[in-house]
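Heads up: the structure comes next, in structure tokens.
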Amino acid sequence: MHIVPRYPNTPEEYWGPNEVYSWADAPFGMNEDVVKVCERVRNYLEENSDE
């Protein structure tokens, strides 16, 4: 399973895990931004898991 976070208003044709690399205007986060997104996703999954 892949979880691909997207910026708001990302064009639908770039929603796939590799398509974003074809988007010339794609905003890419710095390492700190990526770490924060990963923490948010992990926390959400932990809080909403069916254990």
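Note that this is a predicted model, so its numbers are computed, not measured.
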Practice task
Drop me the distance from E19's CD to R6's CZ, to the nearest 0.5 angstrom.
Solution key: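 The CD atom of E19 sits 11.0 Å away from the CZ atom of R6.
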Practice task
Answer yes if Y21 and Y14 sit in the same cluster of Ile, Leu, Val, Met, Phe, Trp and Tyr residues linked by side chain heavy atoms under 4.5 Å apart, and no otherwise.
Solution key: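 Yes, because Y21 and Y14 connect within a single hydrophobic cluster, where side-chain heavy atoms sit under 4.5 Å apart.
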Problem - Pairwise side-chain contact, F28 with Y7, heavy-atom cut-off 4.5 Å (strictly under) - result: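 They are not in contact (no side-chain heavy atoms under 4.5 Å apart), so the answer is no.
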Problem - Residue pair W23 / T10: nearest heavy atoms and the distance that separates them - result: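 For W23 and T10, the tightest heavy-atom pair comes out as CZ3-CG2, 3.6 Å.
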Compile the donor-acceptor pairs under 3.5 Å between side chains in residues 29-44 and protein atoms, sequence neighbours left out, one pair per line.
| from | atom 1 | to | atom 2 | distance (Å) |
| --- | --- | --- | --- | --- |
| E32 | OE2 | K36 | NZ | 3.3 |
| D33 | OD2 | M30 | N | 3.0 |
| N43 | ND2 | E39 | O | 3.2 |

